[in-house]
Amino acid sequence: MCTACGAEAPAWTGRCSACEGWATVEEQATEAVSRQTVSAATVPLDSFSGGGSVPLPTGVDEVDRVLGGGLVPGSVTLISGEPGIGKSTLTLQVALSVAASGSSVVLVTGEEAPTQVAARAARLGPMSDTLVVLDHTEVETITDVFANDKPQLVVVDSVQTLRAQGLDAAPGSVSQVRESAGRLVAMAKRHQVTVLLVGHVTKDGSLAGPRLLEHVVDTVLSFDGDRASELRFLRSAKHRFGPTTEVGLFEMSGGGLSAVADPSQRFLADRPAGASGSVVVPVLDGHRPVLVELQALVASCRDQPASVVANGIPASRLKLVLAVLEQRAGQSMTGQDIFASIAGGGRTDDPGLDLALALALWSSRADQPLGDNVVACGEVGLTGELRAPVQLERRLQEAYRMGFRRAIVPSSTGGGPTGLELVRCASLPEAVRRASDRQLQAA
Ligand code: TYD
Ligand code: MG
């Protein structure tokens with residue numbers, strides 16, 4: 001528009017064709033048009049409230065615990081894990097359980113033949129006729145089922161077998177996985193169908209799959225564990241509808257996956273009596289306190305450089321505790337091979353394990369066991385001070401429940417259950433001094 005005479009100009013021009021003024025034409029229309037478009041498309045946020053975000057329980061308790069109650073209708077959840085870890089077993093158990101409650105479930109079996117799936121299902125539980133199988137891998141065939149049958153749950157095993165119409169890339173390739181999953185998610189949202197999507201990851205985490213899809217789906221669960229042990233962990237890496245702190249604990253057996261009913265008992269089952277280098281610590285597994293046995297071994301170094309190996313705990317925590325032990329408590333382990341692990345295949349990054357780790361290292365080096373009914377719990381600061389971890393009182397209650405009667409804790413600890421003696425220490429050097437007390441060891 002010309003700012004001098006107000007005449008419209010179809011495009012910017014140096015001179016107005018109406019009044020012939022120079023440099024008077026300016027672009028103005030766009031803002032007005034776009035503002036009008038936006039206000040026409042807006043809807044009060046309030047009008048969406050009350051929509052179905054209430055999770056529906058799957059009936060597999062550990063899955064429901066991790067999801068904060070169950071699967072949210074119309075949501076897409078990715079379960080990722082290494083091949084052979086048990087993803088198909090877990091999702092089949094979820095499918096059987098949801099179908100048993102009368103809901104319609106479609107199982108898309110791209111990975112395995114329906115006869116194989118049926119044979120496995122027969123071992124896992126009773127089958128109901130609301131569970132149907134779709135032996136197809138084309139995304140459009142699957143999404144037609146969304147539209148026509150409106151199933152309550154669709155399990156797709158796996159995303160790496162999917163093919164999107166009109167895309168030549170091989171199934172499992174980056175472009176095929178991204179496009180297929182994108183179309184599937186869009187249609188799940190449109191038809192309000194709940195989808196459980198299985199995705200394989202390789203050990204180094206590099207794959208055309210879960211990493212690629214994290215931003216596309218609502219929830220990402222990872223299923224992992226040491227394949228040599230039967231223990232499996234279900235964790236949430238992303239969850240649009242709740243916290244990601246809860247951990248599901250399963251055991252794989254001939255009859256499929258079952259919940260670990262008493263995790264503390266499971267982790268302490270094979271604990272040796274009177275062993276040096278072993279300290280029990282109550283850690284938080286989501287909201288639930290669980291006792292685990294921290295084991296350390298400090299041994300003469302065989303090959304230079306010395307090894308520092310952490311299993312089930314972050315290597316960075318082990319290195320930090322070693323440095324504080326050396327600098328603040330005069331316990332140098334330089335030049336020794338050092339191993340630290342959670343016994344029984346457990347895994348945690350709870351900072352409340354620092355003190356137990358330090359004491360296990362000291363105990364192994366000094367070859368002095370702590371008493372069998374002693375636990376230790378506390379965070380270790382860089383100056384060697386001890387700090388109370390979150391929910392210390394609940395952790396101490398769990399220790400008492402499991403038969404422990406003495407706890408080495410930071411001096412700021414409020415209280416513990418009656419019957420559990422608290423050995424309060426302000427610093428790591430003080431804790432090491434108290435741990436070497438023969439009376440405490442005899443407890
Ligand atoms: P699977 O669910 O096929 O793993 P994924 O889908 O992640 O590749 O599980 C594979 C392993 O689980 C296999 O080694 C056999 C074992 N398994 C059991 O031990 N018990 C069972 O009841 C089932 C079904 C499987
Ligand atoms: Mg599988």
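These numbers come from a predicted model, not from an experiment. One-based numbering, in listed order, for ligands and for the atoms of each.
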Evaluate the ring planes of Phe223 and Phe250, with Trp represented by its six-membered ring, and classify them as parallel (under 30°), tilted (30 to 60°) or perpendicular (over 60°).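 Phe223 and Phe250: perpendicular rings.
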Any nitrogen or oxygen of Arg120, side chain or backbone, less than 3.5 Å from one on ligand 1?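 Yes - when backbone and side-chain N and O of Arg120 are compared with those of ligand 1, one distance drops under 3.5 Å.
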Is there any N or O on Gly86 that sits under 3.5 Å from an N or O of ligand 1?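 Yes: some nitrogen or oxygen of Gly86 is under 3.5 Å from one in ligand 1.
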Counting backbone and side-chain atoms alike, does Ser88 have an N/O/S atom under 2.8 Å from the Mg ion (ligand 2)?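 Looking at Ser88, which is the residue asked about, there is an N, O or S atom under 2.8 Å from the Mg ion (ligand 2).
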Assess Arg190 against Phe146: is NZ or CZ under 6.0 Å from the centre of the six-membered ring, and within 45 degrees of the ring's axis?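 Here Arg190 fails the 6.0 Å and 45° test against Phe146.
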Are any non-hydrogen side-chain atoms of Val195 and Thr77 less than 4.5 angstrom apart?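 They are not in contact (no side-chain heavy atoms under 4.5 Å apart), so the answer is no.
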Are more than 12 heavy atoms from other residues, nucleotides or ligands located less than 6.0 Å from atom [atom1] of [X]?
X: Lys319; atom1: NZ; answer: no
X: Arg178; atom1: CZ; answer: no
X: Arg240; atom1: CZ; answer: yes

Quick one: look up the protein heavy atom nearest [atom] and list residue, atom name and how far away it is.
atom: atom 17 (N) of ligand 1; answer: Met252 SD, 3.7 Å
atom: atom 14 (O) of ligand 1; answer: Gly84 O, 4.5 Å
atom: atom 22 (O) of ligand 1; answer: Gly256 N, 2.8 Å
atom: atom 25 (C) of ligand 1; answer: Thr89 OG1, 3.8 Å

With Glu62, which of Arg288, Arg232, Arg235 fulfils salt bridge (Lys or Arg N to Asp or Glu O under 4.0 Å)?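 In the set Arg288, Arg232, Arg235, the residue that makes a salt bridge (Lys or Arg N to Asp or Glu O under 4.0 Å) with Glu62 is Arg288.
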Of the listed options (Ser258, Ser253, Ser88, Gly81), which comes nearest to atom 21 (C) of ligand 1 when hydrogens are ignored and any heavy atom counts?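 When every heavy atom of Ser258, Ser253, Ser88, Gly81 is considered, Ser253 comes closest to atom 21 (C) of ligand 1.
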Please list, in number order, the atoms of ligand 1 under 4.0 Å from a heavy atom of [X].
X: Glu82; result: 7 (O)
X: Pro83; result: 8 (O)
X: Gly254; result: 21 (C), 22 (O)

Quick check: closest heavy atoms across Leu422 and Gly416, and the distance to 0.1 Å?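 So the minimum-distance heavy-atom pair works out to CD1-N, 3.9 Å.
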